[in-house]
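The structure appears right after this line, and notes come after that.
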Protein chains: 2
Amino acid sequence: MVTKQLLKGLPEDADLRRADSLAREIFSDIANKWALLIIEALGERTLRFSELRDEVEGVSHKMLTQNLRMLERNGLVDRKVHPTVPPRVEYTLTEPGRALRTAVDVICGWTYQHLGHIESARGRFDA
Amino acid sequence: MVTKQLLKGLPEDADLRRADSLAREIFSDIANKWALLIIEALGERTLRFSELRDEVEGVSHKMLTQNLRMLERNGLVDRKVHPTVPPRVEYTLTEPGRALRTAVDVICGWTYQHLGHIESARGRFDA
DNA sequence: CCGGATCCTTATGGATACTG
DNA sequence: CAGTATCCATAAGGATCCGG
């Protein structure tokens, strides 16, 4: 992730390398379609599990729970269980989660801005 | 991607829905680990295939070519083949590619900034 | 309503070998 | 050196069921 020169093997690089590998791990966790779409869907508001499933279209029950667990584990979303019957579980972005969301926003905006460019690039490539 | 109300089925929504599904497709393409790491690695400079493989650590030959083709098809990278022997192929971010890179930069920065928070969140979760 | 577990089918991705 | 193709193990992901 960080430039290659960090990997020269000097003694004091030890914790830098450790940080780097941790960063890679986290990056691999969040740099996936569903995680990013969930973060984007949560936006500013709190959503229940079933609302999220409607909001993030195409996501399966399994992928949703799986990614929510991962995001919760990494401290990006907060999971609040209301002990009612039927149960009510709400998901909210934490502060770091909201910070990351702004980056996801940029990507979404970028996508819409470049639809035209991408479509024509595809046309050229496929020819 | 865009809010659900766009899907109400009114006639004039037709091309909005089309744009939306195209955006989803593009998003699915680029929202993956290797694509983002390649974009980040390309940064401002031009790199050869073999340099990229060294730079993006852990990427296999197959994943690299596969993602490079995809990025080229979507007009994010430019592929320049020098007809020498041995061949020399250079990859460069296009203007849209560089625009997206700034968003990827933000994600990378975010990751390093929140290493501590994430580590302790994991500690709590795993307990 | 939420979530875990199971089964089962695809898709992903690595290793390898071969071409220009 | 760069790219394609093939083979193959394993992981991802959908469907379904049951339990709290």
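We name chains A, B, ... by the order of the sequence lines, and we start the count at 1 in each one.
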When the distance from CG of A/Asn32 to P of D/dA12 is rounded to whole Å, what number comes out?
-> 10 Å
Start with the C-alpha gap between B/Arg73 and A/Arg124, add the side-chain angles, then the distance that decides, and say whether side-chain contact (heavy atoms from CB on, under 4.5 Å) holds.
-> CA-CA 8 Å; B/Arg73 181 170 119 88; A/Arg124 263 176 276 119; over 6 Å; no
Return the residues of residues 77-86 of chain B meeting this criterion: a heavy atom under 4.0 Å from some atom of DNA chain C. Order them by number, or give none.
-> none
Rounded to the nearest angstrom, tell me the gap between atom CZ in B/Arg53 and atom P in D/dC1.
-> 9 Å
Starting at CE of A/Met70 and ending at P of D/dA12, how long is that distance when rounded to a whole Å?
-> 12 Å
Looking for any heavy atom pair under 4.0 Å, which part of the strands does A/Arg69 touch: base, sugar-phosphate only, or nothing?
-> sugar-phosphate
Short side-chain N/O contact to D/dG3 OP1/OP2 from B/Tyr91, under 4.0 Å | yes
Do the charged groups of A/Arg122 and B/Asp29 touch, with an N to O distance under 4.0 Å?
-> yes
A/Arg88 CZ - D/dG20 C1' separation (whole Å) = 18 Å
Residue pair B/Leu42, B/Leu52: steps toward the side-chain contact (heavy atoms from CB on, under 4.5 Å) verdict | CA-CA 8 Å; B/Leu42 279 177; B/Leu52 261 175; 4.2 Å; yes
May I ask you to say whether B/Asp105 pairs ionically with B/Arg101, meaning some side-chain N is under 4.0 Å from a carboxylate O?
-> yes
Write down the distance between CG (B/Leu68) and C1' (D/dT4), rounded to a whole number of angstrom.
-> 14 Å
So, does B/Glu51 use its side chain to make a donor-acceptor pair with the main chain of B/Arg48 at under 3.5 Å?
-> yes
Report the distance from atom CG of B/Leu47 to atom C1' of D/dA2, rounded to the nearest whole Å.
-> 15 Å
Donor-acceptor pair, side chain of B/Asn74 and main chain of B/Leu76, under 3.5 angstrom = no
Distance in angstrom units between B/Asn67 CG and D/dA2 P, rounded = 17 Å
Those residues at least two apart in sequence (or on a different chain) that pass salt bridge (charged side-chain N to carboxylate O under 4.0 Å, His left out) with B/Asp78 are none
Keeping the roles fixed (side chain from A/Arg98, backbone from A/Leu93), state whether a donor-acceptor pair exists under 3.5 Å.
-> yes
note: B/Glu51, atom CD; D/dA2, atom P; distance rounded to Å ~ 8 Å
Not counting sequence neighbours, which residues clear ring pair (Phe, Tyr, Trp, His ring centres under 6.0 Å) with B/Trp110? List them please.
-> B/His114
Report the residues that fulfil ring pair (Phe, Tyr, Trp, His ring centres under 6.0 Å) with B/His61, sequence neighbours left out, ordered by chain and then residue number.
-> B/Phe49
Electrostatic pair B/Arg88:B/Glu90 at N-O distance under 4.0 angstrom | yes
Interatomic distance, OG1@A/Thr65 vs CD@A/Glu72, rounded to 0.5 Å, equals 11.5 Å
Respond yes when some side-chain nitrogen or oxygen of A/Arg48 is under 4.0 Å from OP1 or OP2 of C/dC2, and no when none is.
-> yes
Polar atoms only, N or O, under 3.5 Å: list the protein pairs with nucleotides 9-15 of chain C and their distances.
residue: C/dG13; atom: N7; partner: B/Lys62; partner atom: NZ; Å: 3.0
residue: C/dG14; atom: OP2; partner: B/Ser60; partner atom: OG; Å: 2.4
residue: C/dG14; atom: O6; partner: B/Lys62; partner atom: NZ; Å: 2.5

Among D/dC1, C/dG3, D/dG3, which is the nearest nucleotide to the side chain of B/Phe49?
-> D/dG3
Nearest-neighbour nucleotide for the A/Pro87 side chain, D/dA2, C/dC1, C/dG3 considered = C/dC1
Starting from Watson-Crick (N1-N3 plus N6-O4 or O6-N4) and G-U wobble pairs under 3.5 Å, report the runs of at least three that DNA chain C belongs to.
-> C:3-20 with D:1-18
